[in-house]
Amino acid sequence: MLERAKELLEETIAFVSKDAQQIEEFRIKILGSKGELKKLFAEFRNVPAEQKKEFGLVLNDLREKAEAKIAELKAEIANSEGNTSQKREDYTRPTNLNELGSRHPISLVKNEIIEIFKRIGFSVSEGPEIEDDWHNFSALNFPPEHPARDMQDTFFVEKDPDIALRTHTSSVQVRVMENSNPPIRTISPGRVYRNEAISARAHCFFHQVEGLYIDKGVSFADLKQTLLFFAQEMFGKETKIRLRPSYFPFTEPSAEMDVSCSICSGKGCNVCKYTGYLEILGCGMVDPNVLENCGIDSKVYTGFAFGMGVERITQLKYNVNDLRLYSENDKEFLDQFKGSF
Ligand code: DAH
């Protein structure tokens, strides 16, 4: 008997719980009307006389400790409930905190291109997205039978006289040259349209930035140095450029520019198709015919021009491999640009 009482006393001292149900079960087990303490008291009269005193003390001790323990554990629970109720929601808080959106990656890159050219004295000019044939093609030295004028490439709005969605931002060059006198140093960012089937690599609308510099004595060396500056600002100081001869009706000579692949540092990877270089823009010296078409004396002035696709630069900067992502409004895609300005 005494052993059993001492066991229960130890059990009571050791008992801990934060669960109200468990505490109540413990109380019933020890102090309940059919509990252990009751049973032990019932046995009291069978305890030998010489042990009665000690047994009585242990039983009283057990009752006191059990009652104290249960009270203590219950108080702890009540206390922690009190704490959580203090942590309750602040109902006066505004429900929907205004969630900030993100800038579109095309805007981010376009703005960065503008900032880079602004640092070397280029202004920003804009032109209409619906253009006439003169500004989009004829003034830029496109022969009448040039395939770029074809229905396949151009979205026509009206025929005879031809009005179309501009197919490139080179049309803004023409407007700027018609309306201002050299020196001209400007870039023209904007949206352009081509009649292409939409896929990961082609879209019916995209963005370009056109550059134009006209002054006395502007040379191909100026073009090269300007583009090198741009490439290194945009892709990092270690970037190399490479100019390959090309053809555009509005420039002579013409070139395409590649930058060393920033993904493999020029060593060769599947993005640059193991060439170490990526094509990013077309450029050249403005054809004297174009200068004359726009009222600029080609015997006095020379100039260079270049045109780049914003999507292409964005693809390289942010590793976006599907052009369609730019216009799908996929929140998960756009959220990745949060915090960029
Ligand atoms: N307009 C050309 C295109 O859309 C890009 C371009 C190439 C612009 C050479 C230029 C240039 O100003 O000099 O493909």
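FYI, side chains are in, hydrogens and waters are out, and symmetry mates aren't considered; it's all heavy atoms of this structure. Whatever order the structure lists them in is the order used to number ligands and atoms, beginning at 1. Because the structure is a prediction, the values reported are computed rather than measured.
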Just wondering, do His146 and Pro249 contact through their side chains at under 4.5 Å, heavy atoms? yes
Go through ligand 1 atom by atom and flag the ones less than 4.0 Å from a non-hydrogen atom of Gly307. 6 (C), 8 (C), 10 (C), 12 (O)
Report yes or no: is the cationic atom of Lys159 (NZ for Lys, CZ for Arg) closer than 6.0 Å to the six-membered ring centre of Phe156, at no more than 45° off its axis? yes
Measure the distance from atom 14 (O) of ligand 1 to every protein heavy atom, then report the residue, atom name and distance (to 0.1 Å) of the closest one. Arg194 NH2, 3.9 Å
What protein heavy atom sits nearest atom 12 (O) of ligand 1, and how far off is it? Glu210 OE2, 2.5 Å
Does Met308 reach ligand 1, in the sense of a heavy atom lying below 4.0 Å from it? no
Could you check whether Asp287 and Thr251, counting side-chain N and O atoms only, form a donor-acceptor pair closer than 3.5 Å? no
Ring centre gap for Phe230 and Phe122 strictly below 6.0 Å: no
Of all the atoms in ligand 1, which lie at a distance below 4.0 Å from a heavy atom belonging to Gly284? 13 (O)
Ligand 1 atoms nearer than 4.0 angstrom to some heavy atom of Gly282 are 7 (C), 9 (C), 11 (C)
State yes or no: are the ring centers of Phe250 and His168 separated by less than 6.0 Å? yes
Taking NZ, NE, NH1 and NH2 as the nitrogens, is one of them in Arg119 or Glu233 under 4.0 Å from a carboxylate oxygen of the other? yes
Relative to the heavy atoms of Gln208, which atoms of ligand 1 are at a distance of less than 4.0 Å? 3 (C), 4 (O)
A student checking ligand 1 against Ser170 at a 4.0 Å heavy-atom cut-off should list atoms 1 (N), 8 (C)
Identify the protein heavy atom lying closest to atom 11 (C) of ligand 1, giving its residue, its atom name and the separation to 0.1 Å. Phe250 CE1, 3.4 Å
Proximity of Cys283 to ligand 1 by residue part, where a heavy atom lies under 4.0 Å: backbone
Pull out every atom of ligand 1 sitting under 4.0 Å from any heavy atom of Gln173, numbered as shown with elements. 12 (O)
Under 4.0 Å between a side-chain nitrogen and a carboxylate oxygen: does that hold for Glu112 and Lys317? yes
Step by step, would you call Tyr326 with Phe205 a ring pair (Phe, Tyr, Trp, His ring centres under 6.0 Å)? CA-CA 10 Å; Tyr326 293 122; Phe205 71 84; 9.9 Å; no
For Thr251, counting its heavy atoms only, list the atoms of ligand 1 lying under 4.0 Å from any of them. 13 (O)
Is it true that, when you exclude Glu126 itself, more than 12 heavy atoms of the residues, nucleotides or ligands shown sit nearer than 6.0 Å to its CD? no
Considering only heavy atoms of Ala305, which atoms of ligand 1 have at least one such atom less than 4.0 Å away? 12 (O), 13 (O)
